[in-house]
Engineer: 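One structure, as structure tokens, below. Some questions next.
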Amino acid sequence: PNVGKSSLLNRLVGEHLAIVSPKPQATRLPVVGLRTEGDTQFVFHDLPGLLEPRYMMQSRMRQAALDQLARSHAIVYLHPAPAGVAPPFESLAGLEGPPRAPVLTVYTKADLVPAAARAALGPDALLVSAETGEGIPALLARLAGAGFASPIIRYVGADSPSDGPAPVGPGSPDLPEEWRLLRERE
């Protein structure tokens, strides 16, 4: 299902880094987003979903996600809250055994769940909403408190929420010359 991984990444870093679509599997390649608070840095990876592949591209998407999971310090397992209690991560992801990194289950789309349904998720359930920002401070506190955030190791830049190339847009020095000419004509 579409659990809102990309929407949550965008909310966490405060920028539109990852493509967002109502259709599942919009993320084809991992997207990395950074969030810095004081001397703590969070590195988030928006990975393709761990679905059972039906064709070569899905197999490669799954392998890219599995490769990153093997290198991760923590896994934030997202499950849509409206769907109820999350199944165990290993079985849903089709893993042969538990992952090396600890798994934190986070329920997304909290803004769509009434209070009565929230109680059914359990007393310790962590609910977040990329739409409203609900639960984001609790998620960050849980990650930092469990040692999943790191002191800043490398400086990417206070205004850069990603380790990827800078986005191209109006005012960007990387804006293609053709676009500049079009804007001048307007």
Engineer: Assigning hydrophobic clusters by single linkage (Ile, Leu, Val, Met, Phe, Trp, Tyr; side-chain heavy-atom cutoff under 4.5 Å), is Leu78 placed with Leu126?
Structural biologist: yes
Engineer: Val128 and Ile75: same hydrophobic cluster, using ILVMFWY side-chain contacts below 4.5 Å?
Structural biologist: no
Engineer: Which heavy atom of Arg62 sits nearest a heavy atom of Ala93, and at what distance?
Structural biologist: NH2-O, 2.8 Å
Engineer: What distance separates Leu34 CG from Phe42 CZ, expressed to the nearest 0.5 Å?
Structural biologist: 11.5 Å
Engineer: What's the shortest heavy-atom distance between Glu134 and Asp111, and which atoms?
Structural biologist: OE1-N, 4.4 Å
Engineer: Do Val85 and Tyr107 make a side-chain contact, defined as non-hydrogen atoms from C-beta onward lying under 4.5 Å apart?
Structural biologist: yes
Engineer: At what distance, to the nearest 0.5 angstrom, does CG of Leu50 lie from CD of Glu90?
Structural biologist: 12.0 Å
Engineer: Could you check whether atom CD of Gln58 has more than 12 heavy atoms from other residues, nucleotides or ligands sitting under 6.0 Å from it?
Structural biologist: yes
Engineer: Which heavy-atom pair separates Arg118 from Ala110 by the least distance, and what is that distance?
Structural biologist: NH2-O, 2.7 Å
Engineer: Considering only heavy atoms from C-beta outward, does the side chain of Leu12 approach that of Leu140 to under 4.5 Å?
Structural biologist: yes
Engineer: Is there a side-chain contact between Ser59 and Gln63, using heavy atoms and a 4.5 Å cut-off?
Structural biologist: no
Engineer: Distance from Arg71 atom CZ to Leu69 atom CG, nearest 0.5 Å?
Structural biologist: 9.5 Å
Engineer: How close do Ala18 and Asp46 get, heavy atom to heavy atom, and via which atoms?
Structural biologist: CB-OD2, 3.4 Å
Engineer: Any heavy-atom pair between the side chains of Ile136 and Arg35 that's under 4.5 Å?
Structural biologist: yes
Engineer: Going hydrophobic residue to hydrophobic residue with side-chain gaps under 4.5 angstrom, can you get from Leu95 over to Val103?
Structural biologist: yes
Engineer: Got a second to check how far Leu51's CG is from Met61's CE, nearest 0.5 Å?
Structural biologist: 6.5 Å
Engineer: For the atom pair OG1 (Thr105) and CG (Asp124), what is the distance rounded to the nearest 0.5 Å?
Structural biologist: 11.5 Å
Engineer: Might you confirm whether atom CZ of Arg100 has over 12 heavy atoms from other residues, nucleotides or ligands at distances under 6.0 Å?
Structural biologist: yes
Engineer: Would you give the length of the straight line joining atom CD of Glu15 to atom CG of Leu9, rounded to the nearest 0.5 angstrom?
Structural biologist: 10.5 Å
Engineer: Looking only at heavy atoms, which two atoms of Asn10 and His16 are closest? And how far apart?
Structural biologist: ND2-ND1, 3.4 Å
Engineer: Taking side chain as C-beta onward, heavy atoms only, is Ser129 less than 4.5 Å from Arg11?
Structural biologist: no
Engineer: Grouping I, L, V, M, F, W and Y whenever their side-chain heavy atoms are under 4.5 Å apart, do Leu47 and Val43 come out in a common cluster?
Structural biologist: no
Engineer: Is Leu17 linked to Phe44 within one hydrophobic cluster, defined over Ile, Leu, Val, Met, Phe, Trp and Tyr using a side-chain heavy-atom separation of less than 4.5 Å?
Structural biologist: yes
Engineer: Looking at every heavy atom in both His79 and Pro87, which two are closest together, and how far apart are they?
Structural biologist: CE1-CD, 3.6 Å
Engineer: Could you check if a side-chain atom of Leu92 sits within less than 4.5 angstrom of a side-chain atom of Tyr77, using non-hydrogen atoms only?
Structural biologist: yes
Engineer: Do Val76 and Leu8 have side chains that approach each other closer than 4.5 Å (heavy atoms only, starting at C-beta)?
Structural biologist: no
